[in-house]
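Order of the sequence lines sets the chain letters (A, B, ...), proteins ahead of strands, with each chain counted from 1.
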Amino acid sequence: MTRLSSYLLPTEKQAPADAEAISHKLMVRAGLIRQLGAGLWTYLPAGWKIHRKVEQIIREEMDAIGGQELLMPLLNPAEPWRRTGRIEIDEIFKLEDRKGTEMVLAMTHEEIVTTHVAQVVRSYRDLPQILYQIQVKERDEPRPRAGVLRTREFRMKDAYSFDRDEAGLDESYAKHIVAYDRIFDRSGVEWYRVQSDVGMMGGTDAHEYMAPCAAGEDEVALAPGYAANLEVASADAQAVELPAPLPQPVEEHTPGCTTVEDVSRRLGVAPGAVLKAFPVIAEGRGLVLVLVRGDHRVNEVKLRNVLRANVRPATADEFATKIGPAGFIGPVGANAPILLDEAVGDGGYVTGANRADFHLRGVEPGRDFPFERADVRFVEPGDSVGGQPLRIESAIEIGNIFKLGTRYSEALGAHYLDESGRQRAIVMGCYGIGPARIVAAAVEQHHDEAGIAWPRAIAPFDVELVVIARGETEERTFADRLYEELREQGLDVLYDDRDAGPGEKFADAELLGAPLRVTVGKRTLAGGELEIQLRRGRERRSLPLDGAAVAVAELWRTLP
RNA sequence: CGGGGCGUGGCGCAGCCUGGUAGCGCGCUCGCUUUGGGAGCGAGAGGUCCCGGGUUCGAAUCCCGGCGCCCCGACCA
């Protein structure tokens, strides 16, 4: 029974002054969410309905691949977090109980689920397992932002797979791909599954699910048949025109030219014909000189993965003696290993001369300096993959899947005995989805100047029924009956029975964004036709009064 | 963590510079009128001006300290 006259749906004409993201503005204006503090949001009834619809889709698809739902405490003893070393993470909320025992608020549940599995699983016969929950997570984010997109408390579907070996993990991983593809398809958002960084934590494979939209915090590189997080994306660079080769490097006076732009202009060569020198300190390895084309940028995530070590830019002091003065450094004569980006083709380049106010022309990799080659640059729009042009879009990360391996099982003693009686570590995967981000992404992707246009599957209501009449009138009697008939058709109907004018009702209906609006007024009864508005595109249609409820239900089933 | 901005009825804002009755629009309550795209008239309710301290006869306003929130960047296991 959802009559708007008695339903808590506080809509606003004006967005909160401090809101920036569209989903933030519209979700507040539509009466779905209210803020309590930085990164802390209450879901009001209609907003919570949407969230629950998304959760239900997730449940159904997780169950379909054999996932078993459980529930683990949010409040955790610190001990398992200490055993995996993650107690050190700044984002973890830490507290003490009255006895002074250290506790943490879980930001995810690898430690806890693995602790239980370690206690319970003994034999290879107990594996594999897929366990999941939909539970609150707490993260002390340095900067919560954009409404519900990045919060300090949020619900997350987190799943964990436990397998006998890598082959088993591959199967569990593949199952999650099936489930996730279906979840995001059913939710009605546009999404891409992209390769992502596995990080330094021993993971072997990882993908993220990305929903393109302006408010996104991530960037994805997309080409037909290719999708990757910008952090790890690879592509073929556009060719660059190089000057004619020289028999040996020639020094040029370039006073004050410390940027690629300065140098390329002064020497009259394309920025891509200059080599950008980027000295870094690799943990446990020391100074490395990274070279990329002047029109490219060094990607520190790829660099870290290539060097298998944490990397930071070197300071001028750290490279002054081994290489040269800041602003004029280059590979020729550098006393440091050189990593040359794969996009640097054969030919003569301009590089720093390792002498203040001078550059070298005609420097050829190999002939003039030794190097190792690696792919360490960011891809750029206009690069290509398999001959197809690459584009870069911002996106919201709505899910991720990750092959963990044995990092947690080893730290927490999750072992089993195999067929030959040998003790082995359980091989794990973890799989997350943020339902709130699906909701926000749906708003970002599906809205217009009037408000939200929900995908049918996650809309707060299937139909909003608007009656234009006050008091006991013929229209209202008709609308009351139609309301019941629509409900009998299985539709979830919001009935705007308020004593308000038509303009206000229409505006609120379009703001809230149910896929269909049905209007009953004088005009309806006089004309013998019911007016229907499809929210997407605000297209209007008419249906005969006779059998209207059935026709509305049929129309609803055809919507995206 | 670096940079910037903002805290005044439910929402959006003015007032602050130059100290002296807290104001506007929307919303809310009551009455009458109005009813197919955010109505009209009239009468009302509602504010510790973020908090603490200081200056002053007097502080929303000036000074000091704190807190909160937002945006950009860094970070995001």
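- Summarising the geometry, the separation between CH2 on Trp41(A) and P on C69(B) is reported as 12 Å, rounded to the nearest angstrom.
- Closest approach to the Gln14(A) side chain among C11(B), A77(B), C71(B) is made by C11(B) (side chain taken as heavy atoms from C-beta onward).
- Regarding Arg304(A), its CZ atom lies at a distance of 9 Å from the P atom of A77(B), rounded to whole Å.
- Looking only at distances, a side-chain donor or acceptor of Arg29(A) sits under 3.5 Å from a matching main-chain atom of Glu12(A).
- Listed candidates were A77(B), G73(B), G36(B). Nearest to the side chain of Arg86(A) is A77(B).
- Comparing C70(B), G38(B), C71(B) by their nearest atom to the side chain of Asp508(A) picks out G38(B).
- When all heavy atoms are compared, the tightest approach of Glu485(A) to Ala549(A) is CB-CB, 3.6 Å.
- Residue contacts shown for Thr524(A) include a base, since a base heavy atom lies under 4.0 Å away.
- Heavy atoms of Ala146(A) sit under 4.0 angstrom from primed sugar atoms or phosphate atoms, though from no base atom.
- Following rounding to the nearest Å, Arg535(A) (CZ) and G37(B) (P) show an atom-to-atom distance of 18 Å.
- Remark: the Glu231(A) side chain and the Asn299(A) side chain contain no N/O donor-acceptor pair separated by less than 3.5 Å.
- Here the nucleotide nearest the side chain of Glu504(A), chosen from C72(B), G36(B), G38(B), is G38(B).
- With a cut-off of 3.5 Å on both pairing distances, G47(B) has no Watson-Crick or G-U wobble partner at all.
- In this entry A59(B) has no Watson-Crick or G-U wobble partner, no candidate having both defining distances under 3.5 Å.
- With C1' as the reference atom, U48(B) and G3(B) are 33 Å apart, rounded to whole Å.
- For Ala38(A), counting side-chain heavy atoms from C-beta on, the closest listed nucleotide (A77(B), C70(B), G37(B)) is C70(B).
- Listed nucleotides G37(B), G10(B), G38(B) differ in distance to Glu12(A); the shortest reach to its side chain belongs to G10(B).
- Remark: the separation of the C1' atoms in C16(B) and C26(B) is 24 Å, to the nearest Å.
- For Tyr431(A) and Ser161(A), the side-chain atoms include at least one donor-acceptor pair closer than 3.5 Å.
- Within the nucleic acid shown, Gln35(A) comes within 4.0 Å of sugar-phosphate atoms alone, with no base atom in reach, counting heavy atoms only.
- Comparing G37(B), C75(B), G12(B) by their nearest atom to the side chain of Pro142(A) picks out C75(B).
- Ring geometry for Tyr180(A) against His176(A) counts as perpendicular: the plane angle is over 60°, on a 0 to 90° scale with 30° as the lower cut.
- Between the C1' atoms of U21(B) and U29(B), the separation comes to 26 Å (whole Å).
- If you take atom C1' in G27(B) and the same atom in G9(B), they sit 11 Å apart, rounded to whole Å.
- Using a 4.0 Å heavy-atom cutoff across all strands shown, Glu510(A) reaches at least one base atom of the nucleic acid.
- Atom pair Glu300(A):CD and C75(B):P shows a separation of 8 Å (rounding to whole Å applied).
- Atoms NE2 (His24(A)) and C1' (C69(B)) sit 10 Å apart, rounded to a whole Å.
- Of all heavy-atom pairs spanning Ala425(A) and Thr406(A), the tightest one is CB-CG2, 3.8 Å.
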Begin from the C-alpha positions of Val113(A) and Phe162(A) and carry the test side chain to side chain contact (heavy atoms under 4.5 Å, CB included) through to its verdict.
CA-CA 10 Å; Val113(A) 74; Phe162(A) 301 87; 3.9 Å; yes
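- OP1 or OP2 of C72(B) lies within a sub-4.0 Å distance of a side-chain N or O belonging to Arg143(A).
- Atoms CD (Glu464(A)) and P (G37(B)) sit 17 Å apart, rounded to a whole Å.
- Across the interface with RNA chain B, nearest-nucleotide mapping of Glu217(A) and Arg29(A) shows Arg29(A) to be the residue nearer the 5′ end.
- Here the nucleotide nearest the side chain of Gln533(A), chosen from G37(B), G25(B), C70(B), is G37(B).
- Protein atom CE of Met107(A) is 16 Å distant from nucleotide atom P of C75(B), rounded to whole Å.
- Of the candidates G36(B), A77(B), C72(B), A77(B) carries the atom nearest the Tyr408(A) side chain, counting heavy atoms from C-beta on.
- The nearest pair of heavy atoms linking Ala211(A) to Ala441(A) is CB-CB, 3.7 Å.
- Arg145(A) comes within contact range of the sugar-phosphate backbone alone, with a heavy-atom separation under 4.0 Å but no base atom that close.
- With both ends at atom P, the span from C32(B) to C24(B) equals 26 Å, rounded to whole Å.
- Under the Watson-Crick or G-U wobble criterion, with both distances below 3.5 Å, C30(B) is paired with G42(B).
- Nearer to the 5' terminus of RNA chain B, by closest-nucleotide assignment, is the contact made by Arg34(A) (compared with the other of Asp90(A) and Arg34(A)).
- A distance of about 13 Å separates the C1' atoms of G46(B) and A22(B), rounded to the whole Å.
- Across all strands shown, Ala19(A) has no heavy atoms under 4.0 Å from either base or sugar-phosphate atoms.
- Within the 4.0 angstrom heavy-atom criterion, only backbone atoms of the sugar-phosphate kind lie near Pro16(A); the bases stay farther away.
- Side-chain contact of Tyr408(A) with Arg86(A): a donor-acceptor pair under 3.5 Å is present, judged by distance alone.
- Regarding Asn229(A), its CG atom lies at a distance of 11 Å from the P atom of A77(B), rounded to whole Å.
- Using N1 to N3 plus N6-O4 or O6-N4 for Watson-Crick, or N1-O2 and O6-N3 for G-U wobble, each under 3.5 Å, A14(B) pairs with nothing.
- The partner of G2(B), taking Watson-Crick or G-U wobble pairs whose two distances both stay under 3.5 Å, is C72(B).
- When the C1' atom is compared between G65(B) and C28(B), the two are found 38 Å apart, to the nearest whole Å.
- With distances taken from any side-chain atom of Ala17(A) to the nucleotides C71(B), G38(B), G12(B), the minimum falls on G12(B).
- Separation of the P atoms belonging to C17(B) and C50(B) is 15 Å when rounded to the nearest angstrom.
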